[in-house]
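Right, one structure below, let's go through it.
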Amino acid sequence: MNLPEELKYTKSHEWVSYLPDGSAKIGLTDFAQKELGDIVFVNLPQEGDSVEAGAAFADVESVKAVSDVYCPVTGTVQAINEELLDAPEQLNKAPYESWMVRVGDISKTEELLSAGEYLTFLSGKEGD
């Protein structure tokens, strides 16, 4: 499984990449996209929308189901990845290059895991 070391992860299977300006890009992990199957539609928030740590900020529709995507930080949406609106399958093809939103004005962060901690968390789930 692909888990870039420089990213942080959530137990709800999102990744966070902090940028030098203090904002963060957020996307779905490789594990999440594999569990979802082929993603056929993405519903993203609007630029300027407020997002809250632990709350759903987007949803993705796959051939299996519609699933919420949870925000790991509280802040304001500075940008959305508009390419995903026309090509949601990019989340399957390149999950760590296909960010969903960039959030700025971050005031709160969910519990984030390192790549190693996330892998340990996933190992525990596979026994369920």
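Computed from heavy atoms alone, side chains included, the values below leave out hydrogens, waters and symmetry copies.
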Considering all heavy atoms, the nearest [X]-[Y] contact:
X: Ala53; Y: Lys108; result: CB-O, 4.3 Å
X: Ile80; Y: Pro45; result: CG2-O, 3.2 Å
X: Gln78; Y: Ser23; result: OE1-CB, 3.4 Å
X: Leu19; Y: Lys25; result: CD1-CG, 4.0 Å

Side chain [X], main chain [Y], donor-acceptor under 3.5 Å:
X: Ser98; Y: Gln90; answer: yes
X: Asp49; Y: Gln46; answer: yes
X: Thr109; Y: Val73; answer: no
X: Tyr96; Y: Asp30; answer: yes
X: Trp15; Y: Leu28; answer: yes
X: Asn92; Y: Ile39; answer: yes

request  = Taking the side chain as every heavy atom from C-beta outward, state whether Val51 and Thr74 have any atom pair closer than 4.5 Å.
outcome  = no
ask   = So do the side chains of Leu119 and Leu3 get within less than 4.5 Å of each other, counting heavy atoms only?
value = yes
ask   = Hey, any chance Ile26 and Tyr18 share a hydrophobic cluster, counting ILVMFWY side chains that come within less than 4.5 Å of each other, even indirectly?
value = yes
inquiry  = Tell me whether Tyr70 shares a hydrophobic cluster with Ile106, the cluster being built from Ile, Leu, Val, Met, Phe, Trp, Tyr side chains joined at under 4.5 Å.
reply    = no
Passing option when Met100 is tested against Asn81, Val77, Val42 for side chain to side chain contact (heavy atoms under 4.5 Å, CB included) = Val42
ask   = Passes side-chain contact (heavy atoms from CB on, under 4.5 Å), Leu113 versus Lys11? Steps please.
value = CA-CA 8 Å; Leu113 307 173; Lys11 291 182 178 178; 3.9 Å; yes
query = Which pairs with one or both residues in residues 99-120 pass ring pair (Phe, Tyr, Trp, His ring centres under 6.0 Å), sequence neighbours excluded?
reply = Tyr9-Tyr118, His13-Tyr118
Ignoring hydrogens and angles, write down the donor-acceptor pairs under 3.5 Å from the side chains of residues 58-66, residues two or more places apart or on other chains.
unit_1, atom_1, unit_2, atom_2, d
Asp59, OD2, Asn43, ND2, 3.3
Ser62, OG, Leu36, O, 2.8
Ser62, OG, Lys64, N, 3.1
Ser62, OG, Ala65, N, 3.2
Ser62, OG, Ala65, O, 3.2
Lys64, NZ, Glu35, O, 3.1

